[in-house]
There are 2 protein chains.
Amino acid sequence: MPDFSPEPSDAIVADSGAAVSAPLPQPTPSFSPLYQQIKQAILHSLEAGEWKPLEAIPSEMELAKRYNVSQGTVRKAIDELAAENLVVRRQGKGTFVASHNERHVEYRFLRLHPDSGTVSTEGPAQRTILECKRARANAELARTLGLQSGDAVMQVRRLLTLGGTPTILEDIWLPAQLFKGLNADMLTTHQGPTYALFEKEFGVRTIRAEEQVRAVLPDAAQAELLEVTPHTPLLQVDRVSYTYNDAPVEVRKGLYRTDTHYYKNTLS
Amino acid sequence: MPDFSPEPSDAIVADSGAAVSAPLPQPTPSFSPLYQQIKQAILHSLEAGEWKPLEAIPSEMELAKRYNVSQGTVRKAIDELAAENLVVRRQGKGTFVASHNERHVEYRFLRLHPDSGTVSTEGPAQRTILECKRARANAELARTLGLQSGDAVMQVRRLLTLGGTPTILEDIWLPAQLFKGLNADMLTTHQGPTYALFEKEFGVRTIRAEEQVRAVLPDAAQAELLEVTPHTPLLQVDRVSYTYNDAPVEVRKGLYRTDTHYYKNTLS
DNA sequence: GAGTGGTCTAGACCACGCG
DNA sequence: GCGTGGTCTAGACCACTCA
């Protein structure tokens with residue numbers, strides 16, 4: 001095959017460009033580069049669980065053969081997946097499905113850092129599960145989780161103690177259908193990030209999250225749990241976590257103490 | 001030139017790999033790919049002001065010729081610069097030096113968004129300059145700005161009113177040496193982002209920033225300016241802004257009201 | 001239609017990890 | 001020494017912009 005043309009060999013599926021038959025409106029894009037199609041194909045395999053977290057995906061050469069494109073095209077597809085943290089490249093070894101079960105990258109989604117000058121070396125968080133029960137989603141929760149009002153959800157309340165001081169009080173809501181069998185014991189026993197547990201025990205991979213941060217005062221119960229007065233301002237962090245295809249899988253409301261820690265963010 | 005070798009033609013400057021003369025310690029990396037060297041070269045030109053914000057940089061072909069490498073190598077260098085928002089690609093037109101003076105991308109560094117359901121259409125912020133004076137850097141400020149204790153700085157205090165309610169109270173510190181001639185009048189008169197003013201009037205390009213967010217209570221003066229009670233929790237946002245080479249050029253302490261707005265962040 | 005960025009290929013060699 | 005990702009080249013064509 002000498003060179004490339006908009007009907008690239010017989011690569012992948014439909015070339016969304018110019019199908020001969022259906023006169024579908026094709027609203028706007030109606031063209032996607034080959035490497036984007038490859039990216040989608042890999043994404044589908046990821047989603048379908050063809051490769052599990054921490055496993056290697058096929059080499060670039062193999063994928064190139066499978067999809068009938070050049071290695072460079074596969075490379076560009078994987079580049080984007082790597083940029084989105086869906087996959088991790090390791091030179092000389094291969095490309096691996098991203099996971100919250102990794103050394104080093106503990107607490108990927110946690111933006112809270114100890115004030116420099118804080119005494120303790122911090123160490124791992126101590127978790128106290130205060131509640132873990134079945135509940136029904138109200139309208140708002142149902143909307144953000146893509147459920148029906150009244151659908152079953154799991155509700156977890158827990159306290160994280162960092163360096164000896166209770167620092168984070170969290171309420172977590174999860175679609176019960178995705179997290180069958182979740183209980184307080186699992187949450188207590190499990191080591192490492194909770195998202196790692198979700199991944200390992202329920203096959204739910206959280207990929208991305210959006211947070212809304214506000215300053216609030218705690219109510220009496222919250223203040224007591226965090227061992228502060230009700231006049232202590234706290235960070236309220238409302239998080240929605242997503243898996244593939246922007247499907248929401250978790251709602252989490254956190255209260256952070258910021259007298260010993262701060263919430264860090266990088267702008268660019 | 002048939003193919004590539006670690007002494008790539010006579011491209012760019014020193015191939016940091018194996019200089020024949022100096023037995024410098026070369027701590028660790030001692031190798032950088034060609035496209036990284038090109039990236040640095042372009043970065044130097046950017047820094048030296050060879051091309052100004054909103055201007056186009058030379059085409060990929062021209063740069064390839066200039067540095068004696070292939071177009072693909074230049075492309076990869078520019079790809080990274082674009083990913084870091086230092087440069088913006090526009091198909092069919094060229095590659096342009098990034099700027100805060102652009103339509104659409106108003107307030108690139110501002111993470112505060114109006115609560116959905118807020119009445120007003122928000123519109124542009126109304127700025128009130130409360131103070132704009134010369135001062136001397138204390139030890140901490142000097143350290144974070146890379147100055148000497150006692151060096152001259154400009155200090156600005158201002159209030160931003162969003163949708164009718166005073167929402168942001170900011171103190172800004174700038175190295176006086178970089179911002180000669182800054183005064184309250186300029187700050188009041190100028191339209192658009194303040195970083196656009198820095199860029200246009202002082203040639204200071206802010207590229208990146210780091211924020212530390214905490215929940216605090218205002219003192220009496222702050223509360224009055226923001227028209228809240230001293231018991232209203234506020235977001236304290238401590239920002240350090242950087243230009244090329246991670247050189248700090250601004251320290252900014254903001255107090256945000258979060259009863260009508262929220263601080264948004266995306267995790268991945 | 002000329003020019004610019006964007007996509008794609010094919011082939012070569014390099015750096016790294018591991019047996 | 002082989003396999004994997006990483007770099008580099010050269011050349012072709014596509015999509016977009018603007019005169």
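Hydrogens, waters and symmetry mates play no part in the numbers below; they use all other heavy atoms, side chains included. Every chain is numbered from 1, with letters handed out A, B, ... down the list of sequences.
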Trainee: What is the distance from CZ of B/F96 to P of C/dG5, rounded to the nearest Å?
Mentor: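 Checked: the CZ to P distance equals 8 Å.
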Trainee: Whole-Å distance between C/dC14 P and B/Q37 CD?
Mentor: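 Going from B/Q37 (CD) to C/dC14 (P), I get 16 Å.
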Trainee: Expressed as a whole number of angstroms, how long is the span from A/L63:CG to D/dG3:P?
Mentor: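 These atoms are roughly 17 Å apart.
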Trainee: Both conditions, 6.0 Å and 45 degrees, for the charged tip of A/R205 above the ring of A/F198: are they met here?
Mentor: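 No cation-pi geometry.
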Trainee: Taking 4.0 Å as the cut-off, does a side-chain nitrogen or oxygen of B/K93 come that near to OP1 or OP2 on D/dC18?
Mentor: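 Yes, because at least one side-chain N or O of B/K93 sits under 4.0 Å from OP1 or OP2 of D/dC18.
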Trainee: Rounding to an integer number of Å, can you tell me how far A/R89 CZ sits from C/dG17 C1'?
Mentor: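 Going from A/R89 (CZ) to C/dG17 (C1'), I get 16 Å.
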Trainee: List the steps and the verdict of side-chain hydrogen bond (donor to acceptor under 3.5 Å, both in side chains) for B/Y195 and B/E250.
Mentor: CA-CA 10 Å; B/Y195 291 115; B/E250 179 204 51; 2.5 Å; yes
Trainee: Tell me: CE of B/M61 to P of C/dG5, nearest whole Å?
Mentor: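 Interatomic distance, CE of B/M61 to P of C/dG5: 10 Å.
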Trainee: Rounded to whole Å, how long is the line connecting atom CD1 of B/I78 with atom C1' of C/dG5?
Mentor: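 To the nearest whole Å, that distance equals 9 Å.
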Trainee: Starting from the 5' end of DNA chain D, give me the residue, B/S70 or A/D79, whose nearest nucleotide shows up first.
Mentor: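 By nearest-heavy-atom nucleotide position, the 5'-most residue is A/D79.
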Trainee: Could you pick out which residue, A/Y35 or B/S59, lies toward the 5' side of DNA chain C when each is mapped onto its nearest nucleotide?
Mentor: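 Mapping each residue to its closest nucleotide by heavy atoms, the 5'-most match is B/S59.
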Trainee: Apply the side-chain contact (heavy atoms from CB on, under 4.5 Å) test between B/R127 and each candidate in B/I168, B/L187, B/T194, B/T188; give the one that qualifies.
Mentor: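 Of the listed options, the one satisfying the test is B/T194.
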Trainee: Measuring from the side chain of A/R75 (C-beta onward, heavy atoms only), which nucleotide among D/dG5, D/dT9, C/dT7 has the closest atom?
Mentor: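 Of the candidates, D/dG5 comes closest.
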Trainee: Indicate, with a heavy-atom threshold strictly under 4.0 Å, whether B/R90 touches base, sugar-phosphate, or nothing.
Mentor: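 The answer is sugar-phosphate, as B/R90 gets under 4.0 Å only of primed atoms, P, OP1 or OP2.
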Trainee: In whole angstrom, give the distance that lies between atom CD of B/Q71 and atom C1' of C/dT9.
Mentor: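 To the nearest whole Å, that distance equals 14 Å.
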Trainee: On the ring face of A/F96, is A/R90 found with NZ or CZ under 6.0 Å from the centre and within 45° of the axis?
Mentor: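 Checked: cation-pi criterion met.
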Trainee: Relative to the 5' end of DNA chain D, which residue comes earlier, A/E62 or B/Q91, by the nucleotide with the nearest heavy atom?
Mentor: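 The residue mapped nearer the 5' terminus is A/E62.
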Trainee: With nearest nucleotide decided by heavy atoms, which residue, A/V74 or A/G92, maps closer to the 5′ end of DNA chain C?
Mentor: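 The 5'-side residue here is A/V74.
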Trainee: Using whole Å, report how far CD of B/E60 lies from C1' of C/dT7.
Mentor: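 The distance from CD of B/E60 to C1' of C/dT7 comes to 12 Å, rounded to the nearest Å.
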Trainee: Checking side-chain hydrogen bond (donor to acceptor under 3.5 Å, both in side chains) for the pair B/E47/B/N245: CA distance, chi angles, key distance, verdict?
Mentor: CA-CA 9 Å; B/E47 213 174 326; B/N245 288 337; 2.9 Å; yes
Trainee: For D/dC8 and B/K76 - does any side-chain N or O of the residue sit under 4.0 Å from the phosphate oxygens OP1/OP2?
Mentor: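 Result: no.
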